[in-house]
Amino acid sequence: PAAASRSTRRPPPPPLASMPPRAASPAPRKKPEEAAAATKPAVQEEKGPGGIARTPRPYEFGGNLGTAFWTFFIPACVYWAYGINVINHGQPCVPDQKFWQTLIWELPEGIAVRPTAKGFYMITAWLFLQGAFQQFMPGKMEKGVTLKNGNNLPYKLNGWKSWCATWIIVGAAVGGGYVDPTILFKNFGSLMTWANIYAYAIALYLYIDFGLCWRRWVKSPEFEADWGVFRLSDFFHDYWMGCARNPRIWHFLGYPLDLKFFFEARPGLILWVLINWSNVAAMYMGCKVTPEAVTCAAAGDPARIPPAILIISFAHLYYIFDYFWNERAILTTTDIRHEPFGFMLMWGDFGFLPWMYTNSFTLYLAVVEPRYVGDWRVDLFCVAMWVFAMVLFRRTNIEKHNFRTHAAANNNDPTGYKVWGKPATWIKTKEGSLMLTSGFWGMCRHPNYVPDMIMAAVWWFNCTQHATSSLVPFGYVLYFWSMDIHRFFRDERRCAEKYKEDWDKYVAAVPYCLIPGVW
C-alpha cells in the first residue's frame with residue numbers, strides 16, 4: 001500500500017490571463033545544460049532487435065552510489081527498530097555488536113531474525129495462496145492506463161474476493177483451534193527475514209530476466225522502449241529502480257501474472273493486517289518475550305488490551321478494506337502508472353511494509369514495559385483525527401480517479417463532469433493529458449498526500465502515553481513523511497519535464513503545493 005485537508009468550497013479559479021504571477025513550483029528550475037547533466041541517462045538511445053528504439057532511464061536516488069547505500073541501509077534500520085522492541089521492550093538502544101548477536105542468536109526461535117524452516121514454509125505458503133487467488137479467482141477485467149507503447153494492459157480485479165477468502169480461511173483455522181492466533185507474533189523475526197530474502201532474490205530475478213534478457217520480451221504487449229539494462233556498471237541503480245514498468249510472466253495462462261500489481265496489492269497489505277491482530281492476540285494472552293522463550297498466560301484477559309492498539313488495528317484494517325473495496329482506483333496510482341518494478345517497490349511492498357508498519361505500532365504496544373495503558377482523551381482525539389484523514393484520503397483520490405474515468409469514457413473529454421456540484425475545470429496538455437484544477441485538486445497540487453501524513457502522526461501520538469521513549473513509532477513518522485515529501489518533489493520534477501509550459505500553466509492555476517494558503 002496504498003499509500004498518502006478538508007476545506008470549504010471555493011469558487012473556480014479566474015481565467016489564467018487575469019491571475020497574478022504564479023508561486024514558484026518546488027521542482028527545481030535548472031538551466032538546460034544543468035538539467036541535462038542531472039538526468040543524464042546511462043547511454044544514448046540505441047537500437048534493439050528489428051531496429052527498436054530504446055530510451056534510457058534517468059538516474060534517481062543518488063545514482064549507483066545512492067541506491068547501493070539505500071539497498072542495505074534501510075533494511076538494517078528496520079531490523080534495528082525491531083530489535084529495540086524485542087530486546088529492549090521499546091526503549092531505544094545502540095545497535096552495537098552485542099545488539100546484533102542477541103537479535104540473531106540469543107532470542108527464542110521465531111522471534112530471533114535468523115531464518116527457520118517453519119518461517120520459510122509459512123511465508124512460501126502465503127505467497128502461493130495469494131498468487132493462486134489473484135490468478136484463478138474470478139474477477140472483473142479492467143483496462144489500465146495507456147502505456148508509452150500505446151497499449152492498455154488488462155487487470156483482473158478480484159482483490160475484494162481474495163481479501164474475504166483470506167479472512168474466511170484464517171477465521172476457520174484459528175476458530176477451529178488449528179492455528180495459534182499468536183503465531184505471527186511468535187515468528188515475526190524469522191518471517192521478516194524470509195520476506196527480505198524473497199525480496200532481494202525476486203529483485204535480482206527482475207534485473208536478470210527483464211534487464212539483461214530484455215530482448216526476449218520485445219513482443220510482449222507490456223514491453224516499452226525504456227526496458228532493460230543499458231550499462232552493466234549501473235547495476236545498483238537498475239537493481240533498485242527496476243528495468244521494466246509492468247513485468248508479467250506466465251503468458252501461457254492467458255492472463256499473465258503481473259508481478260508489480262501482485263506485490264503492490266496482495267501479500268504485503270493483507271499480511272500487515274493479520275500481523276496486527278496476531279499482536280493483539282499476544283496482548284490478550286499476556287505473552288512476554290524473554291531470552292529463553294516466549295511465555296503466555298494460560299487464559300486470555302481483555303483487560304490486558306489497551307484501547308490504543310485496537311484503535312490502530314481497526315484503522316489499518318479499514319484502510320486495507322477500503323483499498324480493496326475501491327480496487328479499480330489502484331490502476332491510476334503513481335506506482336502502477338509510472339514506477340519501474342525493482343528492489344525499491346519489491347522490498348517496500350513485501351520486505352518492509354508488513355513488518356515496519358506493524359513493528360512501529362502494534363508490536364511496540366504489545367512488548368513495551370510496563371504494560372501500555374494510554375489515556376482515553378488521547379484515544380478519542382486520535383479516533384476523530386483518523387476519521388477526518390480517512391474521509392479526506394478517499395475523497396481526494398476518488399475525485400481524481402472519477403475525473404479520469406469520465407474523460408476516458410468520453411474520448412478524453414471531461415466536459416460534463418462536476419466537482420462539488422459545479423462543472424470541473426482542467427488544463428489539457430499538448431500531449432492530451434488532463435490536469436484537474438477544481439475541488440481538492442484546485443486547492444493544492446497534491447491533496448492526496450496530506451491524509452496519509454496526518455494518519456502517520458496520529459498513530460504515533462496514540463503510542464506516546466508511556467514512560468519509555470516512543471522512538472520506534474516516531475521513526476515511522478520520520479520515514480513516511482520523508483518518503484512522501486521526496487515523492488512529492490519527484491512528481492513535481494517529472495511533471496515539469498514532461499509537460500513544460502503546460503505545467504507552468506497548471507502551477508499558475510493551482511499555486512499551492514501541499515498546504516492551501518501556506519505552501
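Along the sequence shown, residues are numbered consecutively beginning with 1.
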Worksheet item: What about Trp227 and Phe210, are their ring centers closer than 6.0 Å?
Response: yes

Practice prompt. Verify whether the ring centers belonging to Phe403 and His406 lie closer than 6.0 Å.
Written response: no

Discussion item. Side chains of Ser433 and Glu431 only: does a donor on one sit below 3.5 Å from an acceptor on the other?
Written reply: yes

Practice prompt. Just jot down the ring pair (Phe, Tyr, Trp, His ring centres under 6.0 Å) partners of Phe262, sequence neighbours excluded, or say none.
Written response: none

Worksheet item: Does the side chain of Thr333 pick up a donor-acceptor pair with the side chain of Glu264 at under 3.5 Å?
Response: no

Fill in: Side-chain donor-acceptor pair present, Asp258, Asn246, cut-off under 3.5 Å
no

Discussion item. In the structure I gave you, are the side-chain heavy atoms of Leu259 and Met346 within less than 4.5 Å of one another anywhere?
Written reply: no

Discussion item. For Trp167, is the CH2 atom crowded, meaning more than 12 foreign heavy atoms sit under 6.0 Å from it?
Written reply: yes

Discussion item. I'd like to know if Glu142 and Arg328 make a salt bridge, using a cut-off of under 4.0 Å between side-chain N and carboxylate O.
Written reply: yes

Discussion item. Counting the benzene-type ring for Trp, do Tyr323 and Trp163 have ring centres under 6.0 Å apart?
Written reply: no

Worksheet item: Does the ring centre of Trp217 sit less than 6.0 Å away from the ring centre of Phe223?
Response: no

Item to complete: Identify, with sequence neighbours excluded, every residue that meets salt bridge (Lys or Arg N to Asp or Glu O under 4.0 Å) alongside Lys219.
Response: none

Worksheet entry | Side-chain touch Thr193/Tyr198, heavy atoms, less than 4.5 angstrom | no

Worksheet entry | With sequence neighbours excluded, residues passing salt bridge (Lys or Arg N to Asp or Glu O under 4.0 Å) with Glu60 | Arg490

Discussion item. Checking side-chain polar atoms at under 3.5 Å, does Thr146 have a donor or acceptor matched by the opposite partner on Asn152?
Written reply: yes

Worksheet entry | Row check, Phe440 ring normal vs Arg394 NZ/CZ: under 6.0 Å, within 45° | no

Item to complete: Output yes when Lys430 and Asp502 qualify as a salt bridge under the 4.0 Å nitrogen-oxygen rule, no when they do not.
Response: no

Item to complete: Carefully, step by step, assess Asn279 and Tyr284 under the rule side chain to side chain donor-acceptor pair (under 3.5 Å).
Response: CA-CA 9 Å; Asn279 292 338; Tyr284 175 74; over 6 Å; no

Fill in: Ring centroid separation His316 to Trp459 under 6.0 Å
yes

Discussion item. Taking the ring centre of each residue, are Tyr364 and Tyr372 less than 6.0 Å apart?
Written reply: no

Item to complete: Name the orientation class of the two ring planes belonging to Phe480 and Tyr357 (parallel below 30°, tilted from 30 to 60°, perpendicular beyond 60°).
Response: perpendicular

Fill in: Ring geometry between Phe61 and His486 (parallel below 30°, tilted from 30 to 60°, perpendicular above 60°)
tilted

Fill in: Heavy-atom check, side chain of Val472 versus side chain of Tyr82, under 4.5 Å
no

Discussion item. Determine whether Trp272 and Thr358 satisfy the following criterion, side chain to side chain donor-acceptor pair (under 3.5 Å), listing intermediate values before the conclusion.
Written reply: CA-CA 7 Å; Trp272 165 20; Thr358 53; over 6 Å; no

Worksheet item: Got a salt bridge between Asp349 and Lys260, using NZ or NE/NH1/NH2 to carboxylate O under 4.0 Å?
Response: no

Practice prompt. Compute the ring centroids of Phe314 and Trp277, then answer whether they are less than 6.0 Å apart.
Written response: yes

Discussion item. Ring centres under 6.0 Å, that's the criterion: do Trp160 and Phe324 meet it?
Written reply: no

Fill in: Six-ring centre of Trp503, Lys498 cation under 6.0 angstrom, axis tolerance 45°
no

Item to complete: May I ask you to check whether Tyr479 and Phe352 place their ring centres under 6.0 Å from each other?
Response: yes

Worksheet entry | Thr437 and Thr425: side chain donor to acceptor below 3.5 Å | yes

Worksheet entry | Aromatic contact, Phe343 with Tyr239 (centres under 6.0 Å) | yes

Practice prompt. Please determine if Asp484 and Arg487 form a salt bridge, counting it only when a charged side-chain N lies under 4.0 Å from a carboxylate O.
Written response: no

Worksheet item: Would you call Glu339 and Arg245 a salt bridge, using N to O less than 4.0 angstrom?
Response: no

Worksheet item: Under 3.5 Å, is there a donor-acceptor pair between the Ser162 and Arg266 side chains?
Response: yes

Worksheet entry | Beyond-backbone contact of Lys428 with Asn412, side-chain heavy atoms, under 4.5 angstrom | yes

Discussion item. Side chains of Trp376 and Pro307, heavy atoms from C-beta outward: is any pair under 4.5 Å?
Written reply: no

Discussion item. Tell me if the centroids of the rings in Tyr318 and Phe321 come within less than 6.0 Å of each other.
Written reply: yes

